[in-house]
Amino acid sequence: MPRLRLRRNAPFEVVTLGEMIGSAEEMALVNPNAKFPLDPLEWQEKWLNEPDDKSFYLVDADGSDVGFFALRVGIGPEVRHLTYAFVVPEARGGAGEQMAGLVIEAARSLEALTVTLKCETDNLPALNAYRSAGFATLSERGGMATMKLDLG
């Protein structure tokens with residue numbers, strides 16, 4: 001898998017994300033409560049509506065957007081919570097580890113000291129990518145793992 005890089009997103013620009021999500025099943029991976037096809041107004045009003053939400057695209061060597069994630073303010077401004085993580089199917093297979101590293105890079109750029117996330121326990125590639133990046137599992141309930149990484 002070629003190296004991916006981050007592209008910081010303009011606030012509330014999700015048209016590109018909508019273009020990446022090709023099915024209702026993929027939308028459910030990103031946000032099981034959102035409509036398919038992606039409605040930019042819905043996302044602006046419901047899903048990325050906090051002023052401190054920051055989102056990023058993953059860009060491949062050809063300059064194509066191949067992934068997306070958002071970092072929300074967690075318990076305090078020094079905590080960021082990973083949400084809406086998605087990688088297009090053709091870029092999967094190695095992109096997870098890179099994305100985990102880029103999430104950490106993005107969180108540090110926002111001066112976070114801690115990153116938290118939730119991941120489905122049956123999504124072994126994602127769980128392994130987060131564990132390889134240093135995230136620790138805090139709990140597992142209802143098929144979801146809550147994970148944390150202190151950036152110190």
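From a predicted model like this one, the values you see are computed outputs, not experimental measurements. Numbers here are sequence positions counted from 1.
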Rounded to the nearest 0.5 Å, how far apart are [atom1] of [X] and [atom2] of [Y]?
| X | Y | atom1 | atom2 | answer |
| --- | --- | --- | --- | --- |
| Tyr130 | Cys119 | OH | SG | 6.0 Å |
| His81 | Met147 | NE2 | CE | 12.0 Å |
| Asp60 | Arg3 | CG | CZ | 12.5 Å |
| Lys118 | Leu82 | NZ | CG | 12.0 Å |
| Ser109 | Arg8 | OG | CZ | 5.5 Å |
| Leu117 | Leu149 | CG | CG | 9.0 Å |

**Message:** Using the rule given for side chain to side chain contact (heavy atoms under 4.5 Å, CB included), can you reason through Trp43 versus Asn31, listing the C-alpha separation, both sets of side-chain angles and the distance that settles it, and then say yes or no?
**Reply:** CA-CA 10 Å; Trp43 278 74; Asn31 182 344; 3.9 Å; yes
Nearest non-hydrogen partners of [X] and [Y], listed with the distance:
| X | Y | value |
| --- | --- | --- |
| Ala95 | Leu4 | CB-CD1, 4.1 Å |
| Thr16 | Arg7 | CG2-NH2, 4.2 Å |
| Leu48 | Ala70 | CD2-CB, 3.6 Å |
| Leu151 | Ala107 | CD1-CB, 3.9 Å |
| Glu26 | Pro89 | OE2-CG, 3.0 Å |
| Ala100 | Ala129 | CB-O, 3.9 Å |

Hey, are the side chains of [X] and [Y] touching, using non-hydrogen atoms and a 4.5 Å cut-off?
| X | Y | answer |
| --- | --- | --- |
| Asp53 | Leu71 | no |
| Leu38 | Met27 | yes |
| Pro125 | Arg92 | no |
| Val66 | Met99 | no |
| Leu58 | Leu102 | yes |
| Thr114 | Arg80 | no |
| Val115 | Val103 | yes |
| Phe135 | Ile104 | yes |

**Message:** For a side chain to side chain contact (heavy atoms under 4.5 Å, CB included) check, start with the C-alpha distance between Ile21 and Phe86, then their side-chain angles and the critical distance, and finish with the verdict.
**Reply:** CA-CA 9 Å; Ile21 298 173; Phe86 179 73; 4.1 Å; yes
**Request:** Give me the one residue out of Tyr84, Trp47, Tyr57, Phe56 that meets ring pair (Phe, Tyr, Trp, His ring centres under 6.0 Å) with Phe68.
**Result:** Tyr57
Hey, does the side chain of [X] reach the backbone of [Y] with a donor-acceptor pair shorter than 3.5 angstrom?
| X | Y | answer |
| --- | --- | --- |
| Glu111 | Glu78 | no |
| Asp62 | Ser64 | no |
| Glu13 | Val15 | yes |

**Prompt:** Hey, is Asp150 close enough to Lys148 for a salt bridge, meaning N to O under 4.0 Å?
**Reply:** yes
**Message:** Between Asp52 and Arg72, does any side-chain N to carboxylate O distance fall below 4.0 Å?
**Reply:** no
**Request:** Mind running side chain to side chain contact (heavy atoms under 4.5 Å, CB included) on Leu6 and Val59 for me, showing each step along the way?
**Result:** CA-CA 6 Å; Leu6 279 179; Val59 180; over 6 Å; no
**Message:** Between Val30 and Phe36, is there shared hydrophobic-cluster membership here, with clusters defined by ILVMFWY side-chain heavy atoms closer than 4.5 Å?
**Reply:** yes
**Request:** Could you check Thr137 against Glu140 for side-chain hydrogen bond (donor to acceptor under 3.5 Å, both in side chains), going step by step and ending with a plain yes or no?
**Result:** CA-CA 8 Å; Thr137 301; Glu140 290 185 16; 4.8 Å; no
**Item:** Full working for side chain to side chain contact (heavy atoms under 4.5 Å, CB included) between Leu127 and Arg131
**Value:** CA-CA 6 Å; Leu127 279 174; Arg131 287 179 180 141; 4.1 Å; yes
**Prompt:** What do you reckon, is CD1 of Ile75 surrounded by more than 12 foreign heavy atoms closer than 6.0 Å?
**Reply:** no
